[in-house]
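Before any comments, here is the structure.
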Protein chains: 2
Amino acid sequence: MSAYPTSPLAVPLPALPAVPGVRLASIEAGLRYSGRLDLTLMEFAPSTTVAGVFTQNKCPGAPIDWCRSILAKGHARGLLVNAGIANVFTGKAGFETVQRSAEAAAKAIGCSAEEIFVASTGVIGEQLPYQKIVDIMPTLYQQLDENHWTETAQAILTTDTFAKGYSLRTKIGTETVTIQGIAKGSGMIAPDMATMLSFVTTDAKLPASVLQALLSQKVKTTFNAITVDSDTSTSDTLLLFATGVANTPDITDPSDPRLTDFATTLEKVLKELALLVIKDGEGVSKLIEITVTGAINDESAHKIGMSIGDSPLVKTAITGEDANWGRVVMAVGKAGEPANRDTLSVSIGDVWVAHEGGVLIDYDRETVAQHMKEETIKIKVDLNLGSGKATIWSCNLTKGYIDINGSYLRS
Amino acid sequence: MSAYPTSPLAVPLPALPAVPGVRLASIEAGLRYSGRLDLTLMEFAPSTTVAGVFTQNKCPGAPIDWCRSILAKGHARGLLVNAGIANVFTGKAGFETVQRSAEAAAKAIGCSAEEIFVASTGVIGEQLPYQKIVDIMPTLYQQLDENHWTETAQAILTTDTFAKGYSLRTKIGTETVTIQGIAKGSGMIAPDMATMLSFVTTDAKLPASVLQALLSQKVKTTFNAITVDSDTSTSDTLLLFATGVANTPDITDPSDPRLTDFATTLEKVLKELALLVIKDGEGVSKLIEITVTGAINDESAHKIGMSIGDSPLVKTAITGEDANWGRVVMAVGKAGEPANRDTLSVSIGDVWVAHEGGVLIDYDRETVAQHMKEETIKIKVDLNLGSGKATIWSCNLTKGYIDINGSYLRS
């Protein structure tokens with residue numbers, strides 16, 4: 001998809017089998033790109049429930065407004081996704097585009113427009129030519145099939161350098177179900193902004209309230225625990241659809257013990273998809289895993305972790321393969337969360353390098369220097385104040401990031 | 001000072017005349033560097049009052065702890081500054097270093113150690129060899145003179161690419177006074193973190209409470225309104241000394257109308273010094289001036305301005321000379337402050353490009369494209385919600401930043 005070289009951390013797309021209750025297809029609609037798939041429709045069984053989380057950006061795109069407004073019903077029959085134009089900052093016309101597109105999909109599927117979720121990714125400030133979507137919808141609908149996951153994982157990309165998907169099986173009661181998702185991000189296309197989209201489906205039978213509770217809980221430690229460049233997109237969308245086709249027991253409480261395996265597996269799928277996004281972070285050459293322990297609570301640990309993961313000085317030090325624990329201390333301190341310099345310890349690659357307010361004079365510099373050459377850099381901070389903990393993932397900051405985001409006009 | 005080329009936005013050091021009541025000198029103490037001035041002493045007249053603001057980082061250096069503890073007395077006889085070692089994350093030994101150094105300066109000047117302010121800049125995690133400071137103090141003291149400002153502006157630098165100072169005259173009542181300061185930042189030296197120091201002196205006679213009120217007020221629109229890379233140093237220090245040598249009227253209220261000119265001039269000096277720091281921002285090639293109006297209040301406008309100025313996507317777009325208003329909208333939205341996409345307007349180079357939720361189709365693209373080639377890029381955002389406003393300054397993000405902070409181990 002991208003004009004840039006494939007990320008060195010790219011992961012091959014695994015086999016993505018059919019998910020009972022989901023049919024899908026992607027097509028060349030010529031919305032902005034030519035010669036590639038750019039419009040995707042998923043159709044869900046009538047029993048499908050849905051949960052979602054969206055960008056916290058105060059200037060969201062029109063599709064975000066649409067999805068938020070229909071999510072409360074907890075029911076979905078379709079998902080329409082286009083790549084190329086994000087439909088952000090497009091005023092009333094942008095909202096009309098969403099409505100007309102949803103109506104076209106609803107007509108094909110035979111449901112109401114309020115059962116169609118919509119997501120767009122690409123340039124902002126440009127109007128989406130919705131008539132093209134309306135016109136091509138019957139053809140797109142004809143192509144729906146259970147086995148189009150691979151091409152759909154491709155069709156939602158913009159400047160991503162590889163397609164991202166993951167699939168696991170788990171059980172609810174004695175019934176085996178699939179949890180399978182695709183994601184795109186964090187590509188950039190001039191004059192665009194980073195957009196993260198992820199769509200996860202399962203054939204489990206779960207009420208929307210349970211689904212939303214699980215998603216809201218698991219997103220904290222997965223998608224909300226990653227950062228590429230601290231810039232929150234206007235289009236971030238994560239949707240979880242449960243088709244209810246599997247013969248799983250009726251469950252109404254998200255803390256029902258029969259959901260333990262499902263919840264754990266959901267977290268694994270979300271985490272893998274989130275890490276795939278980081279592994280395609282702009283200009284990335286190293287994944288950074290930051291674990292904060294001993295904070296006053298988990299939320300505080302999370303904020304401190306994100307402060308480290310967002311710090312340009314930490315990220316460039318890792319590009320330089322420099323075990324610069326001083327910058328980690330700085331980033332802890334700037335987070336604004338309770339932290340005490342004199343109880344703070346920092347480890348890099350599982351070697352404690354700084355402890356209780358000072359460097360450990362005799363730490364194993366050779367082991368740490370070796371670790372800095374690896375593809376995944378592990379940083380641990382123990383604040384020694386309480387039992388709050390969190391892990392977040394980031395990527396390093398390289399000249400590739402500047403190339404992608406600052407030099408495209410000259411290329 | 002720096003191994004990197006002089007900033008293209010460098011400003012020649014102006015003439016820095018004597019400030020009555022201030023004697024100063026810099027010397028080669030060989031603390032970490034060799035062959036350059038690295039230790040500075042300023043001696044202030046016995047009538048000198050002082051005000052200060054320090055880093056909000058929760059892991060501050062030992063000199064910050066020291067200055068904070070003695071600031072309450074409001075009185076100063078000396079300032080001791082070293083470059084090369086920041087004395088940060090150095091535990092109890094680091095605090096002892098500050099104490100011993102202050103005692104040595106106090107002995108030379110003939111005052112108590114609690115009247116000596118101390119600042120350090122350079123690498124972190126390394127102990128400062130304070131015995132060298134103690135040993136060289138009598139020699140340094142002998143060299144004190146009213147006319148050493150130029151060499152002192154050099155002596156406090158680390159990887160800055162040019163020396164920074166500014167001097168203005170103003171009146172309190174009928175008496176003319178000088179406000180003159182020097183600054184360093186935002187250099188970097190492996191394995192260091194950005195440090196901003198600024199020392200401003202005046203011969204005005206003002207109680208510490210008045211001085212502190214003026215400084216705290218004026219720092220908001222100057223030093224606290226700049227950002228290079230969002231990383232808050234552990235050592236940021238801004239000290240304002242008033243020697244009281246000038247025969248200015250006795251003033252006890254910071255809002256006394258006789259202080260209007262002085263306050264305005266102080267703001268001008270602080271603003272110029274702050275802009276000089278930005279103009280030496282790592283890898284800088286463009287200064288960015290961001291004005292936010294129509295916010296619900298000034299604080300909210302400030303936060304939104306900083307969110308734009310800190311955004312890697314905005315900063316790289318400006319490197320690419322791309323009038324990417326979409327990224328500005330994104331950065332407004334991610335600030336978390338009240339903002340309404342549908343009332344928002346954005347101007348670049350004084351041309352409105354986006355208005356009330358959509359792009360202005362016919363905006364003068366040629367004029368905007370010309371502006372993007374200039375050295376100072378002006379961005380305005382009008383939220384149209386209230387009367388809050390703020391201006392902040394940032395710099396662009398270039399490969400030079402990665403070179404300085406990520407590649408030094410290989411150079």
- Task: Identify, with sequence neighbours excluded, every residue that meets salt bridge (charged side-chain N to carboxylate O under 4.0 Å, His left out) alongside A:D364.
- Result: none
- Message: What's the separation between atom CG in B:D403 and atom OG1 in A:T316, rounded to the nearest 0.5 Å?
- Response: 11.0 Å
- CD1 of B:I402 to CD1 of A:I402: how many Å apart, nearest 0.5 Å? 4.5 Å
- Which distance, rounded to the nearest 0.5 Å, do you find between the OH of B:Y401 and the CG of A:L397? 7.5 Å
- Which atom pair, heavy atoms only, marks the closest approach of B:G125 to A:V359? O-CG1, 3.7 Å
- Query: Is the number of heavy atoms from other residues, nucleotides or ligands within 6.0 Å of NZ (B:K380) greater than 12?
  - Reply: no
- Item | Residue pair B:F89 / A:A354: nearest heavy atoms and the distance that separates them | CE2-CB, 3.6 Å
- Item | From CG (A:D65) to CG (B:D342), nearest 0.5 Å | 8.0 Å
- Measuring heavy-atom distances to chain A, does B:Q127 have an atom under 4.5 Å in its side chain, in its backbone, in both, or in neither? neither
- Does atom CD of B:E299 have more than 12 heavy-atom neighbours, drawn from other residues, nucleotides or ligands, at distances under 6.0 Å? no
- Message: Counting heavy-atom pairs closer than 4.5 Å to chain A, which one of B:N340, B:V332, B:L344 comes out on top?
- Response: B:L344
- Message: Could you walk me through whether A:R327 and B:I124 satisfy the side chain to side chain contact (heavy atoms under 4.5 Å, CB included) test, starting with their C-alpha distance in whole Å, then the side-chain angles of each, then the deciding distance to 0.1 Å, before giving a yes or no?
- Response: CA-CA 9 Å; A:R327 294 186 186 176; B:I124 83 150; over 6 Å; no
- If you tally heavy-atom pairs under 4.5 Å against chain A, which of B:G333, B:G94, B:P338 wins? B:G333
